[in-house]
Amino acid sequence: MTDLPVLVVGGGPAGAAAAVTMAESGLRVLMVEQRDRLGGAIHRQPVAGARQIWKGPARHRRNWAELAGRVERAAGRIELRTSTVFLGVDGEGRFLFDDRVAGGVFARSVRAAVIAVGAVERIRPFEGWELPGVMSAGGAQVLLKETGQPPEGAIVVAGSGPLLLAVAAQLAQAGNPPLAVLERGRPWRSPRALARLLTAGPQLTEAIAYAAALAVKAVPYHAGSEVLSVRESGEGLEVRTRIGGAERLLRARHLLIHDGLEPNRAGMPLPAPEAKIPVFHAGDGREILGADAAILDGRRAAAAVLASLGRAAPVAQLDVSLSKARDFQLALAEVLHSPAALPSPETLLCRCEGRRYADFAALPADASAREIRLMGRFGLGVCQGRFCGPMIAELLGRPLPSANPPRWPLRPVSVAALAKFSIDETES
């Protein structure tokens, strides 16, 4: 058992920090990443032949270069499996993976696991959000980083959160500045929280750089504004908005929407520090604290693994730094907070089953979460509520029931890959 590796799922800043910290402490590490290289969303690199048009803030590049160098130097103790998807845990406690290069599923036994799979985007539904041409701001950012090309045609960026500013600035630098950025929050309503953000240091400098990039391209940034509905018009979209107190129609080819981030916990093993195989979460997959804190949180998770194995692992200073990052995120959430409005009856909530807000409102007022799932068919589609679940939970005031413990496979896997299933214990 002591010769088994510690598993790290996710090759972003948190996962890399956890893996290298444990390897440098003498543990063997199995690190799996679904992409073909490490870096996560923030350090995603262009595909072969594409140009890199956005390098990101210098401090992030320095942090990642230092971390990647440590991973390379610790390669003798880190078994890195890229293009490999985590599928779940079987009845024997083995962790299951789909090797997309070899085209087969394999299982491994591990001493402990760190799950560092990052965050997922939230959106608040509005009428027309499912139309072609509407996509998440994070999805557009990934395409921009990978292809080096911005979406063609006029773009509107809307929703809430700092990612709106970053994506708009990146589009501007790529040669297609948005028509407008619509931020739902009203920062002036929270002066004390806003004052706390003004002392943030690196994050404030980053935000100023983004704002400057928009100012150079004369991109308007409207706070207290939102999208009311969208409909197709010719070859584009007609976006009905409320900017300030007045309604306006904007015509665009693309609408990029984003309403913050939440940890990616869909189907993931729950944290279980006292279990036979201890499981810990790290980075934005545990708590949204930002890219700088993700590295610290990866180190914290590694320290927790070491402690669970009876090794010294001081975390006091890490906890102090993470607390500061948490305070910043709380101030940011307060500054950008805006009350949720009820969707219109025709607003689609569940794409899988085609269920709209009118279907939700027609359910009994005292319907339980389970009844909403079974009678209303919310969360019963292909995605099993991964997308509509948060929307329904916000309307309901409590989460939809889900499989617990999670069942594998967590991600789609081909029958051909399952047919090649093997228990890969050759390295243990």
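Here the structure is a predicted model, which is why all the values come from computation and not from measurement.
- The shortest distance between side-chain heavy atoms of Arg94 and Val89 does not fall below 4.5 Å.
- By the salt bridge (Lys or Arg N to Asp or Glu O under 4.0 Å) test, Glu232 pairs with no residue at all, sequence neighbours left out.
- One N or O on the side chain of His281 and one on the backbone of Pro269 form a donor-acceptor pair closer than 3.5 Å.
- Here the side chains of Leu332 and Gln203 are not in contact, with every heavy-atom distance at 4.5 Å or above.
- Judged purely by atom type and a 3.5 angstrom limit, Lys217 has no side-chain atom pairing as donor or acceptor with the backbone of Leu171.
- In the displayed structure, Glu247 atom CD is contacted under 6.0 Å by more than 12 heavy atoms of other residues, nucleotides or ligands.
- In this structure, Ser321 contributes its side chain and Leu318 its backbone to no donor-acceptor pair below 3.5 Å.
- Salt bridge Arg253/Glu235: absent, no basic N to carboxylate O contact under 4.0 Å.
- Side-chain contact between Tyr221 and Leu165: present, with at least one pair of heavy atoms (C-beta onward) separated by less than 4.5 Å.
- To the nearest 0.5 Å, atoms CG (Leu197) and CZ (Phe328) are separated by 5.5 Å.
- Within the 3.5 Å criterion, the main-chain N or O of Pro187 finds no donor-acceptor partner in the side chain of Ser190.
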Walk me through whether Asp98 and Arg411 qualify under salt bridge (charged side-chain N to carboxylate O under 4.0 Å, His left out). CA-CA 9 Å; Asp98 180 11; Arg411 301 290 183 270; over 6 Å; no
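- The structure places CG of Leu289 at 13.0 Å from CD1 of Ile295, a figure rounded to the nearest 0.5 Å.
- Of the possible polar contacts, none joining the Ser233 side chain to the Gly236 backbone as a donor-acceptor pair under 3.5 Å is found.
- Atom CG of Leu182 and atom OG of Ser160 lie 11.5 Å apart (nearest 0.5 Å).
- Checked for salt-bridge contact, Arg124 and Glu226 miss the test: no charged N lies under 4.0 Å from a carboxylate O.
- For the atom pair CD of Glu183 and NE2 of His222, the computed distance is 12.5 Å after rounding to the nearest 0.5 Å.
- In this structure, Glu66 places its CD atom where more than 12 heavy-atom neighbours from other residues, nucleotides or ligands lie under 6.0 Å away.
- Taking each heavy atom of Leu131 and Arg231 in turn, the nearest pair found is CD1-CA, 3.7 Å.
- The distance from the CG atom of Leu144 to the CZ atom of Arg44 is 12.5 Å, given to the nearest 0.5 Å.
- Interatomic distance, CZ of Phe360 versus OH of Tyr357, reported as 6.5 Å (0.5 Å rounding).
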Assess the residue pair Arg184 and Asp259 against the criterion (salt bridge (charged side-chain N to carboxylate O under 4.0 Å, His left out)); give the C-alpha distance rounded to whole Å, side-chain angles, the decisive distance to 0.1 Å, and a yes or no. CA-CA 9 Å; Arg184 186 185 299 105; Asp259 288 287; 2.6 Å; yes
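- Formation of a donor-acceptor pair under 3.5 Å by the Glu121 side chain with backbone atoms of Gly138 is found in this model.
- A 4.5 Å side-chain heavy-atom check between Met268 and Val117 finds at least one atom pair inside the cut-off.
- With sequence neighbours left out, the salt bridge (Lys or Arg N to Asp or Glu O under 4.0 Å) criterion links Glu130 to no other residue.
- The shortest side-chain heavy-atom distance between Val156 and His254 does not fall under the 4.5 Å cut-off.
- In this structure, the side chain of Asp297 does not engage the main chain of Ala14 through any donor-acceptor pair within 3.5 Å.
- The existence of a salt bridge linking Asp327 and Lys324 is excluded, since no basic side-chain nitrogen approaches an acidic carboxylate oxygen closer than 4.0 Å.
- For the pair Trp129 (side chain) and Val230 (backbone), a donor-acceptor distance under 3.5 Å is absent.
- At least one side-chain heavy atom of Arg70 sits under 4.5 Å from a side-chain heavy atom of Thr21.
- Between Lys420 and Asp99 no salt bridge is recorded (no basic side-chain N to carboxylate O distance below 4.0 Å).
- With respect to Arg240 and Glu127, no salt bridge is recorded, no charged nitrogen being found less than 4.0 Å from a carboxylate O.
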What's the verdict on salt bridge (charged side-chain N to carboxylate O under 4.0 Å, His left out) for Arg326 and Glu287, showing C-alpha distance, side-chain angles and the deciding distance? CA-CA 9 Å; Arg326 185 174 299 111; Glu287 182 179 7; 2.6 Å; yes
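- Neither side chain, Glu33 nor Thr82, offers a donor N or O lying under 3.5 Å from an acceptor on the other.
- Taking the six-membered ring for Trp and thresholds of 30 and 60 degrees, His43 and Trp64 have nearly parallel ring planes, at less than 30 degrees apart.
- Salt-bridge check for Glu79 with Arg108: passed, with a basic side-chain N closer than 4.0 Å to an acidic carboxylate O.
- Remark: Asp36 does not engage Arg100 in a salt bridge, criterion side-chain N to carboxylate O under 4.0 Å.
- Under the 3.5 Å distance criterion, the side-chain polar atoms of Ser368 are matched with a main-chain donor or acceptor of Glu371.
- In plain terms, the two heavy atoms of Leu96 and Ala107 that are nearest each other are CD2-CB, 3.5 Å.
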